[in-house]
Amino acid sequence: DGGITQSPKYLFRKEGQNVTLSCEQNLNHDAMYWYRQDPGQGLRLIYYSQIVNDFQKGDIAEGYSVSREKKESFPLTVTSAQKNPTAFYLCASSMTSGRLETQYFGPGTRLLVL
Amino acid sequence: QKEVEQNSGPLSVPEGAIASLNCTYSDRGSQSFFWYRQYSGKSPELIMFIYSNGDKEDGRFTAQLNKASQYVSLLIRDSQPSDSATYLCAVKGSARQLTFGSGTQLTVLP
C-alpha cells in the first residue's frame with residue numbers, strides 16, 4: 001500500500017524536552033511538508049523540503065527543526081524553544097512542484113504537553 | 001486581512017439539499033485552488049482542485065472559480081449525512097506554497 005505514515009499517533013511532551021515526530025512516504029514524492037493545526041483553525045506551514053538535503057522555513061518555523069536525509073523521510077523535532085506545542089501535526093507530500101502540485105496528508109500526530 | 005477567508009459556519013443543510021461553501025483569497029497571482037474535507041480528529045483528504053475560471057464537476061461535487069472576483073466555491077449536490085465535516089479551502093499563491101483557510105464546518109441533517 002502506498003501512502004504517508006506518521007508516528008506516533010499521540011505524543012506527550014514534558015517541559016524542556018525535545019520530541020521528534022516521524023513522517024515516512026512511499027509514494028516517490030519529491031516534496032514533503034509539515035503543518036500545524038490548532039483547534040478551529042486552518043493549517044499553518046512549519047517547514048517544507050523539495051529535494052533531499054534541502055529544506056525551507058515556513059510561516060511558523062521558530063521552535064522547530066527538520067532534516068531530509070532520505071527522500072522517503074522528513075522528521076520534525078519540536079524543541080524546548082516552542083512554548084506552545086500542543087497541536088495536531090500533519091505531514092504532507094506531493095509529486096511535483098508547479099501549478100498542478102497536489103498535496104496528500106498523513107494521518108497526523110497529536111502532541112500534548114504534560 | 002487574511003490571505004484565504006472562509007465562513008467558519010456551522011453551515012447546516014437538510015439531506016438531499018445543495019451545500020454551498022465559499023472561499024475568497026487576496027493574492028491575485030494565485031494559480032491553483034484546492035478543496036479538502038476533514039472529518040473530526042482526522043487528516044484532510046483532497047476532494048477537488050481547480051485552476052481555470054469556470055466550473056469543474058466530479059460526481060456530486062462542483063468547484064467554481066472566478067479569478068476576477070478572487071472567489072472559489074464548492075457545491076455539494078444531494079448532500080448526505082456522511083458529508084458532514086469541515087471543508088478547507090487551500091490556495092497556491094505566487095509564493096508557490098499552499099495557504100489554507102480556517103475551514104467551514106458543514107452539518108447535513110437527516
Inset, instruction - Please check if A:Val66 and A:Tyr64 belong to a single hydrophobic cluster, counting links between Ile, Leu, Val, Met, Phe, Trp and Tyr side chain heavy atoms closer than 4.5 Å. - result: yes
Inset, instruction - State whether the number of non-hydrogen atoms from other residues, nucleotides or ligands found under 6.0 Å of B:Glu15 atom CD is greater than 12. - result: yes
Legend entry - hydrophobic_cluster_shared for B:Phe33 and B:Tyr87, side chain cutoff 4.5 Å: yes
Legend entry - B:Ser43 side chain vs A:Gly106 backbone, donor-acceptor pair below 3.5 Å: yes
Inset, instruction - Against chain B, label A:Gln37 side chain, backbone, both or neither, depending on which of its atoms sit under 4.5 Å from a heavy atom there. - result: side chain
Legend entry - Spacing of CZ belonging to B:Phe34 relative to OG1 belonging to A:Thr102, to within rounding of 0.5 Å: 4.5 Å
Inset, instruction - Drop me the distance from B:Glu45's CD to A:Phe105's CZ, to the nearest 0.5 angstrom. - result: 11.5 Å
Inset, instruction - Side-chain contact test, heavy atoms from C-beta onward, threshold under 4.5 Å: evaluate it for A:Tyr35 versus B:Leu98 and give yes or no. - result: yes
Inset, instruction - Provide the closest heavy-atom pair for A:Gln103 versus B:Tyr36 in the form atom of the first, atom of the second, distance. - result: O-OH, 2.6 Å
Inset, instruction - Check whether B:Val108 and B:Trp35 end up in the same hydrophobic cluster, where Ile, Leu, Val, Met, Phe, Trp and Tyr are linked by side-chain heavy atoms less than 4.5 Å apart. - result: yes
Inset, instruction - Flag the one option from B:Gly103, B:Ala90, B:Pro44 with the top tally of heavy-atom pairs under 4.5 Å to chain A. - result: B:Pro44
Legend entry - Same cluster (ILVMFWY, side-chain, under 4.5 Å), B:Ile47 and B:Leu11: yes
Inset, instruction - Can you tell which part of A:Arg44 gets under 4.5 Å to a heavy atom of chain B, answering side chain, backbone, both or neither? - result: neither
Inset, instruction - Could you tell me the separation between the CG atom of A:Asp59 and the OG1 atom of B:Thr99, rounded to the nearest 0.5 Å? - result: 6.5 Å
Inset, instruction - Quick one: closest heavy-atom pair of B:Gln38 and A:Phe88, and the distance? - result: NE2-CE2, 4.1 Å
Legend entry - Cluster overlap A:Tyr47 with A:Ile4, hydrophobic side-chain contacts below 4.5 Å: no
Inset, instruction - Could you tell me whether B:Ile18 atom CD1 has more than 12 heavy atoms of other residues or ligands within 6.0 Å of it? - result: no
Legend entry - A:Leu90 versus chain B, the contacting section by heavy-atom distance below 4.5 Å: side chain
